[in-house]
Structures are given as C-alpha cells and as structure tokens.
Amino acid sequence: MIDLRSDTVTQPTEAMRMAMAQAEVGDDVYGEDPTVNRLEIEAAARIGKEAALFLPSGTMGNQIAILAHTHRGDEIILDEDSHIFCYEKGGAAALAGVQTRTLKGSHGFIEPCRIREAIRDENIHAPHTGLLCLENTHNRAGGRVIAPDRLNAMADTAHEFNIPVHLDGARIFNAALALQIDAKELTEKMDSVMFCLSKGLAAPVGSILAGNKSFIGVARQYRKLLGGGMRQAGILAAAGLVSLNTMITRLVDDHRNALRLAEGIGEIGGLKINISNVQTNILIFNIDELHVDANEFLERLASEGVLAGAFGPKIIRFVTHKDIDLEAVDQAIAILRRTVHQFTAM
Ligand SMILES: *Cc1c(COP(=O)(O)O)cnc(C)c1O
C-alpha cells in the first residue's frame, strides 16, 4: 500500500526504537523524567520560546492553549478553514467554553482589517475577544505557507488590543523549510506555539506546546486536568528527541516528492491541480470533471494500492512523508492515471 492519507502514518525509525529502548525515565507528573525534561528544553530552544510542554497530541496542545489564554464566555477569532475549527470535535466550546468567531481567510491569511473589525468593544453585552488562532502550514489550504511578514501583521493587530496569539504550527518545520528561514522567525510574535513530532518528524506519539514560563506553568495544570499527565513518558520523548535532532532537514525530500506528484497529476486529463499551491508536503486536487465522487474514487484508488483522503465531495488530499520514496511517487502517479481512466472512458 502506498499510504498518502497523512504524514501521521509514518513509522518510527530504527534510531527511535533504539532510543526508546534505552531511554532514562522517571515520573513526569512529578517532573522527574529526565528524557521528557530534555525534550522540553530542546524543543523550547528550537522554536524560540522560554518553555515547552510534551503532550500526547496536537489537538490537546491547541485545546490547552485555548484554555490557558481565555475565560469561559470569551470569543476566539480563527480562520473558518482552520484545524481548530474543523477537526477538533468542537473542543473550544466543549472544553474552554468559548465561542468561535470564524473569518474567511485566503490560504490561512486573514486581512488585518478584518481581524480589527472582528475584535469586540469592551461592553456589557458583548463577549470578550480572548484569543487569535493562526495556522502555518495551513492544512486545508493544501499545506500552503504563510510568510513571516503576513503572519506578524495578523499578530500585531491582535496585540494592539492586548489579545494573545496562538499558532497551530503542527507542521511549522515544513513551513520554515519551504520559506528557507529558521522556524523561530515564524514564532517570534506568537504567544504560544504547538507543533507535532508525530507527523513528518515521524515520532510515534507526541506534540509540543511552547510559550513563556508562566504560560507553560498554567498549560501543565490543564494537561493534568485533561488527563494528559503521563508517567514514564521518556519512552516517547526519546523518539521526539530523535525527531528534533535528525528528522527536520529531511522534510525537503517530502516537499520534492509532493511537487513531483503534483506535476504528475497535472499531466493527467480530468484532474485539476494548482501547482503553485504545492509548497510543502500536502497537495490537494480536484476531480470535478470525473463522473465520480471523492469517496468512491478513493475506494477505487485503495483497491489499486493507493490510500488517500477527501477534503470535499470532489477534492482529494495527498500527503507525502518519509515512508514514501520516489519510486512510490511514480507508482502512485501510474495508479492514479489508470484509475482516472476508468471514470473518463464511460
Ligand atoms: C494534525 C494537526 C493537528 C493536531 O493533530 P493531532 O492528530 O491531534 O496530533 C493540529 N493542527 C493541524 C493543522 C494539524 O494538521
């Protein structure tokens, strides 16, 4: 199977399994796991923040950020296509008790004037605007990156009103690599940042939430509240350290493979793809011209050996990762061509 559903399907490397087997561990709820402590220190340094917290998932990281930055009844501003709004089971409402004010962005960029308009006046009737959430790379925009000037323009607008900014940077290192900058340049103005170790960086489990010391102190308490306090978690953190230290620069291979896949798709009649949107390891394409919906198309692809996901009734998403090599890319293009042919030759 050529599994292009997500970079979350990556298998841990041999080096990770070795590091996990040998990890020095302790009880992390007591702050006594030396491997978790090391990961948190290294992760904070790499992302340019004072402190960091190791978490079971990226969703928990985003939800803890919302809990720690807001109060019940607040309103948070976010892109209508954001992961937090679309894919976290309504957690912002269910857990933090905040209401969401979604704005229409362009590939994750919301015009600062729109953000300004959405920020509430302090008034007895209105909810308090408690947080702005941003996402980079942007998943539903097909892995597009937001450059630092645009990211900072959005953050500056929130900060003018003393509203904190959280960055969902699940794939922040993909963004930094595509922009050829240090990830710190993307996080400098963010009050908190979440990134995943378990996606392209190939760790089996885990994400990081980073921010200043007092924010992480509060976040640590919310992690416990949500049941995310883990004990000898150094077994998992050991793999995360291998991710941070050895798996970031190789993401260029995933970007190159996504582009090659996109170029192949561009040559298949009946499929529509905007190649200039393929900037990292995600690509989305349209099957409007085929007499089939995304689910049936995916079933047919799976029966031929390619797994992918749907982003709409006529939109397919592919994600490249370390377990997809050039040969798999070329095979996927050939299978795609054959499958498309079945739905055009009718
Ligand atoms: C994957 C992802 C997350 C969090 O994912 P988990 O599966 O909970 O680790 C958050 N935001 C974005 C943009 C993502 O792609």
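Each residue takes its place number in the sequence, starting with 1.
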cation_pi(Arg171, Phe195) dist<6.0 Å, angle<=45 | no
Would you name the heavy atoms of Arg220 and Ala52 that are closest together and state the gap between them?
-> NH2-O, 3.9 Å
In terms of heavy-atom contacts, Phe215 and Ala68 come closest through CE1-CB, 3.6 Å
Would you mind checking if Asp254 and Lys199 are paired as a salt bridge, meaning a charged N to carboxylate O distance below 4.0 Å?
-> no
Can you name the closest pair of heavy atoms from Val36 and Ala233 and give their distance?
-> CG2-C, 3.6 Å
Under the ring pair (Phe, Tyr, Trp, His ring centres under 6.0 Å) rule, what pairs show up with a residue in residues 229-287, not counting sequence neighbours?
-> Phe285-Phe318
Is a side-chain N or O of Glu135 found less than 3.5 angstrom from the main chain of Asn139, in a donor-acceptor match?
-> yes
What are the two closest heavy atoms between Gly269 and Val340, and how far apart are they?
-> O-CG1, 3.4 Å
Other residues, nucleotides, ligands: >12 heavy atoms within 6.0 Å of Arg150 CZ | no
Look only at the side chain of Gln99 and the backbone of Ala93, and say whether a donor-acceptor pair between them is shorter than 3.5 Å.
-> no
Within 6.0 Å of CD in Glu14, more than 12 heavy atoms from elsewhere = no
Side-chain (Thr157) to main-chain (Ile115) donor-acceptor, under 3.5 angstrom | no
Any side-chain donor near an acceptor of the partner, Asp79 and His138, under 3.5 Å = yes
Lys314 side chain to Val292 main-chain N or O, any donor-acceptor pair under 3.5 Å?
-> yes
Could you check if a side-chain atom of Val165 sits within less than 4.5 angstrom of a side-chain atom of Leu134, using non-hydrogen atoms only?
-> yes
Would you tell me whether Tyr30 and Arg231 have side-chain atoms, one donor and one acceptor, within less than 3.5 Å of each other?
-> no
Any donor-acceptor N/O pair, Thr280 side chain to Gly143 backbone, under 3.5 Å | yes
Does Asn152 use its side chain to pair, donor to acceptor, with the backbone of Pro148 at less than 3.5 Å?
-> yes
Between CE of Met16 and OG1 of Thr246, what distance do you get to the nearest 0.5 Å?
-> 6.0 Å
CG (Leu201) and NE2 (His321) are apart, to the nearest 0.5 Å, by 13.5 Å
Side chains of Asp74 and His69, donor plus acceptor under 3.5 Å | no
With distance as the sole test, does Asn136 use its side chain to make a donor-acceptor pair with the main-chain N or O of Ile146 at under 3.5 Å?
-> yes
In short, Cys196 meets Gly58 closest at the heavy-atom pair SG-CA, 4.1 Å
What are the two closest heavy atoms between Ala96 and Thr70, and how far apart are they?
-> CB-OG1, 4.2 Å
Mind checking the CG-CD spacing from Leu259 to Glu263? Nearest 0.5 Å is all I need.
-> 4.5 Å
Residue from Glu80, Glu117, Glu75 passing salt bridge (Lys or Arg N to Asp or Glu O under 4.0 Å) with Arg101 | Glu75
Could you tabulate the donor-acceptor pairs under 3.5 Å formed by side-chain atoms of residues 178-188, not counting sequence neighbours?
| residue | atom | partner | partner atom | Å |
| --- | --- | --- | --- | --- |
| Asp182 | OD1 | Lys184 | N | 2.8 |
| Thr187 | OG1 | Ile47 | O | 2.7 |
| Thr187 | OG1 | Lys184 | O | 3.2 |

Looking only at atom types and distance, does a side-chain atom of Lys322 sit under 3.5 Å from a main-chain N or O of Leu251, one as donor and one as acceptor?
-> no
Ignoring hydrogens and angles, tell me if any N or O in the side chain of Asn281 forms a donor-acceptor pair with the backbone of Thr320 under 3.5 Å.
-> yes
Is there a donor in the side chain of His83 and an acceptor in the side chain of Glu88, or the other way round, less than 3.5 Å apart?
-> yes
Could you tell me whether a side-chain N or O of Asp323 sits under 3.5 Å from a main-chain N or O of Gln11, the two making a donor and an acceptor?
-> yes
Any side-chain heavy-atom pair from Tyr222 and Gln63 closer than 4.5 angstrom?
-> no
